[in-house]
Amino acid sequence: MATSVKNNSLPPSLISNLNQVLLSRQQHTIDHQSTNSSSLPSHSRNVDEPDCSKPLLLITNCEGIDSPGLIFLVQALLSDARFTLHVCAPQSDKSVAGHSLTVQETVAVCLVEMSSATAFEVSGTPVDCVSLALSGALFSWSKPVLVISGINRGSSCGRNMFYSGAVAAAREALICGVPSLCLSFDWKKDVSGESDLKNAADLCLPLISAAVRDIERGKFPESCLLNIEIPSSPLANKGFKLTRQSLWRSPLSWKAVSANRHPAAGQYLSNQQSLGIKLAQLSRDASAAGAARRLNSHRKNVEIESVGIAGKFNGQQTAKKYFRLELLEETEKADDNLDFKAVEDGYVAVTPLSLSSTDQSKIETEVSSWISAALGREQRN
């Protein structure tokens, strides 16, 4: 019995047409993927892939990501075009946060627009910003070449550094093994302006460039951070001067205040009718909740301004007092080689701060030699 074999092959012309259709679809898929990739937010592509051809700097501060000092510093560094910048700074002013971390609470992080720098604002402290940025949880890179905290308005000289969130951010970087600088500007109330901050940023560029170059060459002092204080007239500065940390601090003034701690708020809200109505409703709700708590606790809150005014209370009353702290601007006579005195005299004070005080003399000698050599080369270039 003969067996017939049926030929199932397709005509060559049909095969050719099918191949063209398949190739066309593959090209359309590639183009679609490319379009989607290019339409992604820049941080989706750049955060994990920094430009390796330039040194990577991490910028933070204590006054918040919108502060002019930070913005002018970022603009100056971007104009210099020698660095790749990542910014991770507090969402709001944390100037006197010290070396505090946010523990057992959620910290929110949001992308913000800041020229060509990759920038994030963080709801935590300056130390949170540096710790998070260097942890690998936010950025995929291992470590930047240098961490810069600034430019911050106000003094971080002397004992002020123990309160300063700016110095703490630089110290956290040093703890994590990354060289760091803290830049502060001697802001004078009713005298200084934003143009001074811009000049301060330009003034710091040679020192930053020298630091990055010598870090890459292994010549930068490793056991300390540099706390740099810029005088109130940056363009009239007398040069960089190595200084020692003084015992000076801004005088603290505690004052008893009334329960209405912000009297100007009432005047402002009187012109904001809709906002005032919303706040009034919130106030009524809060008052109702507060009344319920007071009924449950059987206590009476008595608002007073100070202990002297309050007198004595019986056991059923809880005294509530209000005080406000102000930092006064006062100076004192001191050795010319101390940080705040050098700034008052018009110098850019460079104070090395170590994690250990046992080798401070050695560190000062090392930093002095580095400043002389580094800035000398920078001026010749």
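We count residues from 1, following the sequence as given. As the structure is a prediction and not an experimental result, all values here were calculated from the model.
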| Distance in Å, Ile215 CD1 paired with Leu146 CG, rounded so as to fall on 0.5 Å steps |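 Answer for the CD1-CG pair, Ile215 versus Leu146, is 4.5 Å.
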
| query | By the rule that ILVMFWY residues connect when side-chain heavy atoms come within less than 4.5 angstrom, directly or transitively, which residues belong alongside Val191? | reply |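 Besides Val191, the hydrophobic cluster comprises nothing; the residue is isolated.
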
| message | Using every non-hydrogen atom in the two residues, find where Val343 and Ala349 come nearest and quote the distance to one decimal. | response |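 Of all heavy-atom pairs spanning Val343 and Ala349, the closest is CG2-CB, 3.7 Å.
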
| task | Treating Ile, Leu, Val, Met, Phe, Trp and Tyr as nodes and any side-chain heavy-atom pair under 4.5 angstrom as an edge, say whether Val350 and Tyr347 lie in one connected cluster. | result |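 Hydrophobic grouping puts Val350 apart from Tyr347.
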
| From CA spacing to verdict: side chain to side chain contact (heavy atoms under 4.5 Å, CB included), Phe83, Lys54 | CA-CA 5 Å; Phe83 312 107; Lys54 299 179 180 179; 5.5 Å; no

| What pair of heavy atoms forms the shortest contact from Leu353 to Val167, and how long is it? |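 Between these two residues, the closest heavy atoms are CD1-CG1, 4.0 Å.
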
| request: Mind checking ring-ring contact (aromatic ring centres under 6.0 Å, His included) for Phe220 and listing every partner two or more places apart, or none if nothing turns up? | output: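 Result, ring-ring contact (aromatic ring centres under 6.0 Å, His included) vs Phe220: Trp370.
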
| Measuring from Leu181:CG to Leu226:CG, what's the distance to the nearest 0.5 Å? |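 So the CG of Leu181 and the CG of Leu226 are separated by 5.5 Å.
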
| said: Show every salt bridge (charged side-chain N to carboxylate O under 4.0 Å, His left out) that has at least one partner inside residues 55-64, sequence neighbours left out. | reply: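 Residue pairs with at least one partner in residues 55-64: Glu63-Arg153.
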
| message | Run the side chain to side chain contact (heavy atoms under 4.5 Å, CB included) test on Val87 and Leu70 for me, step by step, so that the C-alpha distance in whole Å, both residues' side-chain angles and the decisive distance to 0.1 Å come before the verdict. | response | CA-CA 9 Å; Val87 180; Leu70 183 142; 4.1 Å; yes

| message | Tell me whether Ser140 contacts the main-chain N or O of Gly136 through its side chain, where contact means a donor paired with an acceptor under 3.5 Å. | response |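 Such a contact is absent between Ser140 side chain and Gly136 backbone.
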
| said: Quick test of your reading: applying side-chain hydrogen bond (donor to acceptor under 3.5 Å, both in side chains), list the pairs with at least one residue in residues 94-111, sequence neighbours left out, ordered by first then second residue. | reply: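 Qualifying pairs, neighbours excluded: Asp93-Ser95, His99-Arg171, His99-Glu172, Thr102-Asp128.
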
| said: Could you check, using the six-membered ring where one of them is a Trp, whether Phe72 and Phe185 have ring centers closer than 6.0 angstrom? | reply: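 No, the ring centres sit 6.0 Å or more apart.
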
| request: Could you tell me the separation between the OG atom of Ser116 and the CG atom of Leu78, rounded to the nearest 0.5 Å? | output: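 Between atom OG of Ser116 and atom CG of Leu78 there are 4.0 Å.
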
| Same cluster or not: are Leu235 and Leu207 linked, directly or through other Ile, Leu, Val, Met, Phe, Trp or Tyr residues, by side-chain heavy atoms under 4.5 angstrom apart? |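 No, no single cluster joins them.
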
| request: Nearest 0.5 Å please: distance from the CG atom of Leu197 over to the CG atom of Asn152. | output: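 Result: 10.0 Å between the selected atoms.
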
| query | Got a sec, which hydrophobics cluster with Val127, joining ILVMFWY side chains under 4.5 Å apart, including via others? | reply |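 Cluster partners of Val127: Leu101, Val103.
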
| Contacts of Asp66 that satisfy salt bridge (charged side-chain N to carboxylate O under 4.0 Å, His left out) - sequence neighbours left out |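 Listed in chain order: nothing, the list is empty.
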
| query | Hey, does the side chain of Ser149 reach the backbone of Ala169 with a donor-acceptor pair shorter than 3.5 angstrom? | reply |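 No; zero donor-acceptor contacts below 3.5 Å.
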
| request: Indicate yes or no for a side-chain donor-acceptor contact from Ser192 to the backbone of Trp187 under 3.5 Å, with no hydrogens or angles considered. | output: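 Side chain of Ser192 to backbone of Trp187: no pair is present.
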
| message | Under the salt bridge (charged side-chain N to carboxylate O under 4.0 Å, His left out) definition, can you give me all pairs with a residue in residues 362-376, not counting sequence neighbours? | response |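 Listed by first then second residue: nothing to list.
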
| task | Could you tell me which residues satisfy side-chain hydrogen bond (donor to acceptor under 3.5 Å, both in side chains) with Ser180, sequence neighbours excluded, listed by chain and number? | result |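 Here no residue qualifies.
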
| Who pairs with Ser67 by side-chain hydrogen bond (donor to acceptor under 3.5 Å, both in side chains), at least two apart in sequence or on another chain? |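 Once residues adjacent in sequence are excluded, the partners of Ser67 under the side-chain hydrogen bond (donor to acceptor under 3.5 Å, both in side chains) criterion are Asn61.
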
| Do the non-hydrogen side-chain atoms of Phe323 and Lys255 ever get within less than 4.5 Å of each other? |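 The answer is no; the side chains never approach within 4.5 Å.
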
| query | In Å, rounded to the nearest 0.5 Å, how long is the span from CG of Leu183 to CD1 of Ile208? | reply |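 Those atoms lie 5.5 Å apart.
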
| message | Checking Asp186 now: which residues fulfil salt bridge (charged side-chain N to carboxylate O under 4.0 Å, His left out) with it, not counting sequence neighbours? | response |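 Asp186: salt bridge (charged side-chain N to carboxylate O under 4.0 Å, His left out) contacts with Lys188.
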
| message | Determine whether Thr60 and Ile148 satisfy the following criterion, side chain to side chain contact (heavy atoms under 4.5 Å, CB included), listing intermediate values before the conclusion. | response | CA-CA 6 Å; Thr60 189; Ile148 304 175; over 6 Å; no

| With Lys198 via salt bridge (charged side-chain N to carboxylate O under 4.0 Å, His left out) - residues at least two apart |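 Once residues adjacent in sequence are excluded, the partners of Lys198 under the salt bridge (charged side-chain N to carboxylate O under 4.0 Å, His left out) criterion are Asp202.
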
| said: So Asn227 and Ser156, do their side chains get closer than 4.5 Å, heavy atoms only? | reply: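 Result yes, sub-4.5 Å side-chain heavy-atom pair found.
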
| query | Between Ser232 and Pro234, which heavy-atom pair has the shortest distance, and what is it? | reply |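 That would be O-CD, 3.3 Å.
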
| Point-to-point distance, once rounded to the nearest 0.5 Å, from OG1 of Thr351 to CG of Leu338 |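 Between Thr351 OG1 and Leu338 CG, I get 9.0 Å after rounding to 0.5 Å.
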
| query | Can you name the side-chain contact (heavy atoms from CB on, under 4.5 Å) partners of Glu121, sequence neighbours left out? | reply |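 Per chain and number, Glu121 pairs via side-chain contact (heavy atoms from CB on, under 4.5 Å) with Ile65, Gln91, Cys110, Val112.
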
| Single-linkage hydrophobic cluster Ile71~Leu205, side-chain heavy atoms < 4.5 angstrom |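 Unlinked, Ile71 and Leu205 end up in two clusters.
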
| task | Check whether more than 12 heavy atoms from other residues, nucleotides or ligands sit under 6.0 Å from atom CD of Glu216, and answer yes or no. | result |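 Check passes, neighbour count above 12.
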
